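A short worksheet on the structure shown next.
Treat the numbers as computed from the prediction; the structure is a model and nothing was measured. The basis for the numbers below is simple: all heavy atoms, side chains too, and nothing from hydrogens, waters or symmetry mates. Residue numbering restarts at 1 for every chain, and letters A, B, ... go by the order of the sequence lines.
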2 protein chains.
Amino acid sequence: MIRLKDIAERVDVSVMTVSRVMRDTPNIAPATRRRVLRVARELGYVPDAAARGLRLQNTHLLGLVLPALGDPAWAAIASALEAVWAPSGYDLAMACSHQDEESEEARIARLMGRRVEGLFVAPLARAQKIGGVYRQLREQGIRVVVLGPRPEHLGGFPAVTVNDRAGMALAVAHLLGLGHQRIAFLAGPEYSSLAGPRLEGYRAALASRQIPVREELIVPAGATVEDGAVAARRLLERKVEFTAIMAFSDPLAVGALRELTAAGLEVPRQISILGYANHPCSEFSSRPLSTVDTDIEAQARAAARVMSDLIAGERGRDQRVEPRLICRDSCAPVRPATAS
Amino acid sequence: MIRLKDIAERVDVSVMTVSRVMRDTPNIAPATRRRVLRVARELGYVPDAAARGLRLQNTHLLGLVLPALGDPAWAAIASALEAVWAPSGYDLAMACSHQDEESEEARIARLMGRRVEGLFVAPLARAQKIGGVYRQLREQGIRVVVLGPRPEHLGGFPAVTVNDRAGMALAVAHLLGLGHQRIAFLAGPEYSSLAGPRLEGYRAALASRQIPVREELIVPAGATVEDGAVAARRLLERKVEFTAIMAFSDPLAVGALRELTAAGLEVPRQISILGYANHPCSEFSSRPLSTVDTDIEAQARAAARVMSDLIAGERGRDQRVEPRLICRDSCAPVRPATAS
DNA sequence: TTGTAAGCGTTATCAT
DNA sequence: ATGATAACGCTTACAA
């Protein structure tokens with residue numbers, strides 16, 4: 001490793017002089033500066049960020065704690081945050097909890113040890129467990145921005161959420177725009193904090209067009225592909241007419257597709273299925289059915305802005321991102337059909 | 001921020017004693033240890049990784065340089081690497097080049113400044129440009145593991161690649177197993193280092209079953225969805241019989257699907273389409289058509305192992321991961337049809 | 001314009 | 001069993 005001292009020795013000046021040159025300080029003899037620069041380049045000198053940070057009491061490091069990086073939604077968040085902060089000289093230290101609460105706390109503790117200047121946390125949905133780490137975060141005044149709905153134990157920290165109610169309303173409005181009037185809704189799991197707002201959005205969209213909400217078209221479901229299939233089956237058993245299905249989430253939509261196809265229905269010729277997701281779809285995840293995605297990069301940008309405020313010493317305020325829907329459409333215009 | 005000194009003052013012992021307690025050193029009076037521990041916990045002390053690293057000359061930090069994190073393939077790599085290293089106390093610093101070569105070099109330089117103990121680099125495909133950073137990596141003896149085919153300017157560093165030829169052969173064998181005999185092939189772009197091996201794999205799979213390769217079934221294509229559509233159209237124009245399409249990559253497959261559907265063909269009832277990808281598909285990226293994925297986590301694990309070797313002082317050796325195909329199947333058994 | 005001293009938080013080493 | 005000292009690589013403050 002090349003240190004300032006190494007350069008200083010070869011050029012025969014003091015360490016301070018070299019330090020000054022490296023930092024472009026004024027009042028350096030042009031000759032000295034040239035010689036130092038030449039040697040530094042020759043040796044491939046790169047200043048030690050840790051040592052500098054120790055002295056300057058900064059790290060230019062941010063922490064990112066996610067439940068899972070494999071999920072494109074979180075990958076998109078990570079990517080966007082990295083893109084926003086890299087130009088300002090900040091690096092991102094990744095930490096995945098892999099859906100494990102203890103792991104989440106451990107990773108947060110480690111990042112605290114790295115003296116991150118801020119922490120983006122997408123918290124796991126958990127029972128209670130206000131662990132010691134979360135208290136420390138507050139007591140030590142660590143800057144935290146919560147991604148998504150804020151759980152109890154992160155109270156006091158700003159959260160950046162997406163207006164899911166509005167997003168779902170937009171999605172349903174899209175189906176209405178295609179002429180669909182009888183739209184079934186696969187509602188999300190009760191334990192999810194997102195279920196309520198999304199169902200509200202569904203109702204609101206219909207209400208704004210004076211379309212009565214038929215309760216028999218609303219089917220409670222879980223979160224997985226399997227749950228989607230089960231819910232779709234139940235829907236079919238009700239023998240009620242509908243031309244489209246709006247699913248609480250993407251996996252539910254996939255499951256519904258599977259079930260409907262198995263039942264001999266053609267999607268989207270006879271029935272359109274629309275899924276709702278929190279991430280932009282790409283070529284990598286083109287789907288057999290339509291999905292509307294909320295603009296997750298906007299969420300990341302908002303989170304970055306909140307963190308900027310915190311670093312600038314201002315009070316971070318909660319942000320609610322208004323979704324812009326990104327729609328990969330394979331839904332068909334209405335073509336009445338009776339599900340039998 | 002809580003330092004050793006703070007605890008030392010409150011307990012009225014020397015900093016060294018506290019340091020020893022924190023590190024579970026032997027020869028500490030049980031009483032002292034208890035008092036120190038109590039105060040430390042009370043104050044929420046977390047040792048400063050940078051200071052410790054400065055003294056110990058380590059960082060327990062690894063760097064990860066990717067072209068894009070949004071791509072599920074890279075996200076999966078990042079996720080797997082994080083999972084492997086976190087338990088050993090290593091953190092991962094993320095850096096995306098966002099497909100920009102200068103950015104790639106800049107990010108590598110910054111990570112060098114952080115004194116990463118190793119660098120995973122998924123290099124951009126680039127013209128020439130053996131920039132200064134790559135020389136420095138070698139001269140300073142930085143540990144580098146290349147993810148994917150190794151470009152010229154990273155010569156000398158171990159690379160972890162997937163045996164793409166074998167992977168494609170497995171994929172084609174899968175179609176053969178379904179009874180398909182006339183399998184068209186959308187070949188990849190010439191500039192891709194993956195194109196050759198994959199085409200070879202296609203040929204090899206057919207050869208091993210004594211099925212003659214019909215050159216008119218091989219269509220050169222690009223890399224995008226659009227390219228896939230164009231290639232599929234060209235294939236249809238050739239008016240040659242086939243029951244399945246094997247695509248060089250996933251986007252090509254998506255494009256082909258689009259084109260075939262537009263031409264009134266039903267997939268997979270009349271024609272099966274199989275895409276080839278380098279990442280496991282999940283519920284998040286269910287596709288309208290079959291894809292075989294090589295087990296990218298195996299690649300990540302192999303890369304982690306190579307890095308372990310390097311850190312242990314051994315010479316890192318190139319690794320070629322034998323693919324295990326993960327197949328999300330919606331391909332149909334053969335049902336002869338003439339593309340017209 | 002350049003150099004010296006001190007200190008950031010931690011630990012290895014040698015003393016007591 | 002505990003403490004004093006120096007050092008890791010760097011930069012601020014002051015001196016020359």
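- A 4.5 Å side-chain heavy-atom check between M1(B) and D6(B) finds every atom pair outside the cut-off.
- Here the side chains of F157(A) and R143(A) are not in contact, with every heavy-atom distance at 4.5 Å or above.
- If you take CG of N58(B) and P of dA12(C), they are 10 Å apart, rounded to a whole angstrom.
- Proximity of residues 41-51 of chain A to DNA chain D (heavy atom under 4.0 angstrom from any strand atom) is restricted to Y45(A), P47(A), D48(A), A51(A).
- Taking atom CG of L56(B) as the reference point, atom P of dG9(D) lies 12 Å away to the nearest angstrom.
- At whole-Å resolution of the value, NE2 in H60(A) and C1' in dC10(D) are 15 Å apart.
- Side chains of L62(B) and L119(B) form no contact here, defined as non-hydrogen atoms less than 4.5 Å apart.
- Going from atom CG of L54(B) over to atom P of dG7(C) covers 17 Å, rounded to whole Å.
- Checking the phosphate oxygens (OP1, OP2) of dT12(D), a side-chain nitrogen or oxygen of R23(A) falls inside 4.0 Å.
- Taking 4.0 Å as the cut-off between side-chain N and carboxylate O, R33(B) and D24(B) count as a salt-bridged pair.
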Give me the distances for all protein-to-nucleotides 1-5 of chain C N/O pairs that come in under 3.5 Å?
from: dT1(C); atom 1: OP2; to: N27(A); atom 2: OD1; distance (Å): 2.9
from: dT2(C); atom 1: OP1; to: T32(A); atom 2: OG1; distance (Å): 2.6
from: dT2(C); atom 1: OP2; to: A29(A); atom 2: N; distance (Å): 3.0
from: dG3(C); atom 1: OP2; to: S14(A); atom 2: N; distance (Å): 2.8
from: dG3(C); atom 1: OP2; to: S14(A); atom 2: OG; distance (Å): 3.1
from: dG3(C); atom 1: OP2; to: T17(A); atom 2: OG1; distance (Å): 2.5
from: dG3(C); atom 1: N7; to: R20(A); atom 2: NH2; distance (Å): 2.5
from: dG3(C); atom 1: O6; to: R20(A); atom 2: NH1; distance (Å): 3.2
from: dG3(C); atom 1: O6; to: R20(A); atom 2: NH2; distance (Å): 3.3

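- With hydrogens and angles ignored, the 3.5 Å screen pairs no side-chain donor or acceptor of S88(A) with any backbone N or O of Y90(A).
- With rounding to whole Å, L4(B) atom CG is found 15 Å from dA4(D) atom C1'.
- For the pair R35(B) and D12(B), the salt-bridge criterion is not met [side-chain N within less than 4.0 Å of a carboxylate O].
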* To do: Please report the C-alpha distance between E105(B) and Y134(B) in whole Å, then the side-chain angles of each, then the deciding distance to 0.1 Å, and finally whether the side-chain hydrogen bond (donor to acceptor under 3.5 Å, both in side chains) criterion is met.
  => CA-CA 8 Å; E105(B) 298 190 30; Y134(B) 304 101; 4.6 Å; no

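- When rounded to the nearest whole Å, the span between CZ of R52(A) and C1' of dT12(D) equals 13 Å.
- Nucleotide dC10(D) holds its C1' atom 13 Å from the NZ atom of K5(A), rounded to whole Å.
- Remark: Q57(A) is not in phosphate contact with dG7(C), judged by side-chain N or O atoms under 4.0 Å from OP1 or OP2.
- Under the 4.0 Å criterion applied to side-chain N and carboxylate O atoms, R315(B) and D309(B) are not assigned as salt-bridge partners.
- The distance from atom CD1 of I7(A) to atom C1' of dG9(D) is 12 Å, rounded to the nearest whole Å.
- Looking only at side-chain heavy atoms (C-beta outward), V18(B) and V11(B) stay at 4.5 Å or farther from each other.
- Residue S19(A) places at least one side-chain N or O under 4.0 Å from the OP1 or OP2 atom of dT11(D).
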